[in-house]
Amino acid sequence: AADTAALLKIRLTASYCGIELEEKQVNSNAEIPSSIANGLGLVLGSEDGQCITQSNAILRALARLSPAAHLLGKGDSISEGQVDGWLGWTFANVDTLLAVGAAAAADIGKALMIVEAHLAKSSYLVGDAITLADLALVADLMVAQKEFPDLLKDLKCVSTWFSTVSSKNASPTCSTKTVVAAGEGLSMNGVPPAVVPKIYSRGRLRVKEIVSESTYALYLNKEVTVGGWARTLRNAGKSLTFLELNDGSTGKSLQCVLSVETTDGFETAKNAGGSGSSFLVSGTVVESPGSEQLVELKVQKVEFVGPVYGGDPEGNTIGGMLYPMSKKSHTLEHLREHAHLRARSKVHAAAMRVRNAMAFATHKFFNDNGFLYIHTPIVTCADCEGAGEQFGITTLLGTDHHRTDIKLPYYEEEEPPKDKEGNEGNSSSTASVPEGEQKMSKSQLKKLKKAQEKAAKAAAKKATQTIQPHVHVEEKVIGAVDYTKDFFGRRANLTVSGQLNVETHCCALSDVYTFGPTFRAENSHTTRHLCEFWMIEPELAFADLAKDIDLAEDYLKYCVQYALEVCAEDLEFFEGHPAGEKGLRDRLRNVLESPFVRLPYTDAIDLLKKAVAEGVEFEVTPEWGIDLPSEHERYICEKIYKQPVVLTDYPKGIKAFYMKLNDDEKTVAAADVLVPKIGEIIGGSQREHRKDVLIKRCIESGLDTKHVWWYLDLRKYGTVPHAGFGLGFERLILFITGLDNIRDVIPFPRWPGNAEF
């Protein structure tokens with residue numbers, strides 16, 4: 001039967017592996033090869049006549065045909081054995097019960113409680129990626145839900161896992177002959193190879209692998225080597241020392257027990273200077289008698305790598321007295337002052353792990369949706385936002401900042417030409433003589449001819465530049481710096497956005513995105529602004545504003561879900577940290593539970609005016625036409641709707657020139673995504689693809705069209721409707737971690753007056 005769970009498992013596995021299946025239904029034993037002893041049932045046959053029966057055997061065979069998919073685990077015997085174990089469990093506890101019918105609902109529910117407990121600690125059934133174990137159980141649950149719709153109602157972890165795994169493979173419904181396609185993204189051109197180290201070896205285990213609840217059992221009673229920095233180093237008498245070691249892979253530390261009798265290097269480690277000193281430690285993983293950790297390391301050998309020289313101001317004495325990152329609690333301001341060391345603090349290390357996860361999630365989301373990653377320039381001569389708040393780049397000042405004789409080139413008034421005697425006028429001495437009264441010499445005629453040819457060439461060049469606006473002509477303003485003498489021959493700046501550049505590739509490669517650093521010389525000291533920050537900017541070809549909003553919502557929800565699953569330990573830490581946010585994970589889950597509200601700007605202004613009438617006080621009075629401040633944005637999404645809100649159709653006067661003008665000619669097809677705690681986190685729009693309208697918008701915005709001639713060319717040669725958005729990466733990290741200050745979610749923050757490190 002086409003809808004049986006066994007058949008669905010095979011289809012899902014083949015789809016995930018990108019394997020083409022041709023299905024054929026037979027109705028008699030005569031049509032089955034004699035080598036099949038089981039008679040009718042599921043049979044996997046190859047073109048050379050080889051056959052395999054039994055669904056789990058078929059699944060393993062398909063998985064081995066596509067080793068890069070890693071459906072049998074990491075390739076080691078332990079993970080493959082775990083996959084087999086779950087396949088057997090699924091068959092015994094779910095498959096067999098499905099045949100019973102409605103009476104089995106309660107028993108299946110009880111069985112799934114085991115899965116719920118397991119998934120509370122792990123994203124997948126085996127390891128950190130989808131395996132056959134996940135696909136097999138998902139297929140069973142797809143079938144079970146048709147008969148028992150409320151089966152997963154109270155199983156939050158199972159529901160999240162089910163949604164994640166099932167979304168990777170849309171449930172295929174095959175006819176008598178079906179080709180099951182591979183996924184999107186890079187798999188359109190083949191399955192990417194697995195990352196399997198061939199030469200490289202870390203030579204040590206990460207602390208995360210040893211202390212994790214899902215993997216620690218693999219290392220019990222085994223000898224391992226770890227490396228890291230001391231969180232604490234405390235002596236228990238003369239014969240025992242406890243070293244709390246952390247390597248940044250996790251917020252948890254590994255307790256290492258050093259004994260004077262059994263540990264080689266005991267005395268040296270004991271006097272290493274305490275917190276911050278570095279070690280390589282080898283020993284045996286054992287269950288810990290303490291309640292604060294599952295395991296600890298019984299150390300056989302400790303190698304003292306780097307001491308802490310904090311015993312005196314000169315840094316010559318081992319000791320932790322003056323170590324800036326001592327084990328006591330530090331303020332976030334103190335950590336910013338020591339940004340080169342703050343990665344050793346728990347709060348910054350957790351923020352960096354979340355930042356890494358969000359960067360990976362970003363690339364995965366766009367890659368798996370078929371977008372191409374485009375590197376846009378950091379140095380530019382265009383101002384995307386038109387605000388003029390750009391950092392200039394110049395070599396006119398030289399490389400020695402102590403020089404006192406620097407002279408900048410300025411535009412000066414041009415003096416009229418003089419003759420050999422110093423008289424103003426034509427270069428010929430006969431210039432002042434009335435025409436016809438003095439006969440010109442041959443040399444004078446020759447000079448005159450050259451002057452006329454030079455003037456004709458200059459006039460022709462000027463005419464060509466009028467026809468070809470892309471030939472840049474620096475505007476000469478008397479007294480202004482002459483940037484034609486600079487490195488790029490004109491004024492250049494650090495980019496404020498990669499959007500205009502990435503649009504060029506959108507109009508040829510379709511769906512693209514850029515992810516890189518941007519800069520803004522805005523003299524702001526708020527907790528939401530930086531001078532250097534990272535932007536994620538996708539562009540969609542053949543798309544309108546609605547599709548742009550759909551992509552933005554999908555992307556933001558994917559990042560939230562990824563964080564909840566992959567960064568669970570760090571999110572739990574932020575929930576309990578004074579600088580974090582209580583109820584953080586509940587707020588993030590709320591983002592996933594319902595569609596974003598979509599609200600026109602005009603309606604938002606009406607809601608804000610109504611709030612004022614009811615007694616709500618704002619610093620800025622809400623009026624149609626203003627650029628909404630953060631207090632308005634947060635009130636809408638935190639107080640009125642209590643969830644993310646997408647504001648659309650803003651007044652054209654407060655938005656950029658490139659946004660598509662709506663039919664009312666008063667508003668533009670713009671959309672800002674507002675989220676609780678942050679306010680605006682995404683800003684996007686449909687781009688104006690009509691050349692005549694775009695030129696008009698440039699003029700209205702005070703932008704010289706000569707500066708964006710290449711951008712206008714996109715509307716001249718094969719224009720298409722397209723849309724995109726920008727997300728400030730640091731604001732995303734603030735939203736995910738619950739931290740309040742944007743300076744705490746980037747390794748080295750830049751703000752006015754600070755560019756240290």
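More than 12 heavy atoms of other residues, nucleotides or ligands lie within 6.0 Å of NZ in Lys557, so this atom counts as buried by the packing criterion. Heavy-atom neighbours of Glu287 CD from other residues, nucleotides or ligands within 6.0 Å: at or below the threshold of 12. When the shell of 6.0 Å around CZ of Phe360 is examined, it contains 12 or fewer heavy atoms from other residues, nucleotides or ligands. In the displayed structure, Met321 atom CE is contacted under 6.0 Å by more than 12 heavy atoms of other residues, nucleotides or ligands. Around the CZ atom of Phe91, the shell of radius 6.0 Å holds no more than 12 heavy atoms that belong to other residues, nucleotides or ligands. The 12-atom threshold is not exceeded at NZ of Lys327, counting heavy atoms of other residues, nucleotides or ligands nearer than 6.0 Å. The neighbour count for Lys270 NZ, taken as heavy atoms of other residues, nucleotides or ligands under 6.0 Å away, is above 12. Around atom CD of Glu292, no more than 12 heavy atoms belonging to other residues, nucleotides or ligands sit under 6.0 Å away.
Considering only heavy atoms from C-beta on, Glu575 comes within 4.5 Å of Leu584 through its side chain. Side chains of Trp161 and Asp134 form a contact here, defined as non-hydrogen atoms less than 4.5 Å apart. A heavy-atom distance below 4.5 Å is not found between the side chains of Phe533 and Ile742. Looking at heavy atoms from C-beta onward, Asp744 lies out of side-chain contact with His348 at the 4.5 angstrom threshold. Side-chain atoms of Asn369 and Tyr558, non-hydrogen and from C-beta on, never get closer than 4.5 Å to each other. The side-chain heavy atoms of Val347 and Leu739, taken from C-beta on, include a pair separated by under 4.5 Å. For the pair Val126 and Leu132, the minimum side-chain heavy-atom distance is 4.5 Å or more. The closest side-chain heavy-atom distance from Asp247 to Val226 is not below 4.5 Å.
Applying the salt bridge (Lys or Arg N to Asp or Glu O under 4.0 Å) test to Glu581 and every residue at least two apart in sequence or in another chain returns Arg587.
Judged purely by atom type and a 3.5 angstrom limit, Ser288 has no side-chain atom pairing as donor or acceptor with the backbone of Glu296. The backbone N or O of Arg11 lies less than 3.5 Å from no partner atom in the side chain of Ser15, so there is not a single donor-acceptor pair. For the pair Ser277 (side chain) and Gly274 (backbone), a donor-acceptor distance under 3.5 Å is present. Side-chain N or O atoms of Glu116 include one that pairs as donor or acceptor with a backbone N or O of Val158 at under 3.5 Å. Checking side-chain atoms of Asn741 against main-chain N and O of Glu333 turns up no donor-acceptor pair under 3.5 Å. In this structure, the side chain of Thr90 does not engage the main chain of Leu137 through any donor-acceptor pair within 3.5 Å. Between the side chain of Asn246 and the backbone N or O of Gly248, at least one donor-acceptor pair lies under 3.5 Å. A donor-acceptor contact shorter than 3.5 Å is absent between the side chain of Thr13 and the backbone of Leu59.
Residue Gly276 comes nearest to Val308 through the heavy atom pair C-CG2, 3.3 Å, listed as atom of the first residue, atom of the second, then distance. Taking every heavy atom of both residues into account, Ala339 and Pro747 meet most closely at CB-O, 4.2 Å. Across all non-hydrogen atoms, the minimal contact from Ala139 to Leu12 is CB-CD1, 3.9 Å. Nearest heavy atom pair, residue Leu125 against residue Ala133, reads CD1-O, 3.4 Å. Here the closest non-hydrogen pair linking Phe574 and Ala351 is CZ-N, 3.6 Å. Looking at every heavy atom in both residues, Gly315 comes nearest to Tyr309 through O-CB, 3.4 Å.
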Check the pair Asp570 / Thr737 against side chain to side chain contact (heavy atoms under 4.5 Å, CB included), numbers first and verdict last.
CA-CA 8 Å; Asp570 288 321; Thr737 61; over 6 Å; no
Given the rule in the side chain to side chain contact (heavy atoms under 4.5 Å, CB included) test, do Glu223 and Ser282 qualify, once you have shown the distances and angles that lead to the verdict?
CA-CA 7 Å; Glu223 291 188 5; Ser282 300; over 6 Å; no
Worked verdict on Thr250 versus Glu569 for side-chain hydrogen bond (donor to acceptor under 3.5 Å, both in side chains):
CA-CA 8 Å; Thr250 175; Glu569 178 188 298; 2.4 Å; yes
Test side chain to side chain contact (heavy atoms under 4.5 Å, CB included) on Leu592 and Leu564 and set out the steps.
CA-CA 11 Å; Leu592 303 176; Leu564 286 169; 3.8 Å; yes
Phe304 vs Asn271, test: side chain to side chain contact (heavy atoms under 4.5 Å, CB included). Steps then yes/no.
CA-CA 10 Å; Phe304 180 28; Asn271 302 303; over 6 Å; no
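Note that the CD atom of Glu303 and the CG atom of Leu280 stand 5.0 Å from one another [nearest 0.5 Å]. Residue Leu341 holds its CG atom at 6.0 Å from OH of Tyr323, rounded to the nearest 0.5 Å. To the nearest 0.5 angstrom, Arg585 atom CZ is 12.0 Å from Cys567 atom SG. Residue Lys208 holds its NZ atom at 7.0 Å from OG of Ser249, rounded to the nearest 0.5 Å. With rounding to the nearest 0.5 Å, the separation of CG in Leu727 from OG1 in Thr362 is 7.5 Å. Residue Leu135 holds its CG atom at 7.0 Å from OH of Tyr16, rounded to the nearest 0.5 Å.
Considering Leu240, Leu258, Val302 as possible partners of Phe266, the one that fulfils the side chain to side chain contact (heavy atoms under 4.5 Å, CB included) test is Leu258.
The pair Arg355-Glu730 counts as a salt bridge, with a side-chain nitrogen and a carboxylate oxygen less than 4.0 angstrom apart. Ion pair Glu572/Lys252 not flagged as a salt bridge, since none of the NZ, NE, NH1 or NH2 atoms sits closer than 4.0 Å to an Asp/Glu carboxylate oxygen. Look at Arg589 and Glu593 and you find no salt bridge, because none of the NZ, NE, NH1 or NH2 atoms lies under 4.0 Å from a carboxylate O.
Side-chain atoms of Glu565 and Thr164 form a donor-acceptor pair, as typed in the model, at a separation below 3.5 Å.
Using a 30° and 60° split on the angle between ring planes, Phe515 and His363 fall in the tilted class, from 30° to 60°.
A centroid separation of less than 6.0 Å is found between the aromatic rings of His118 and Trp86.
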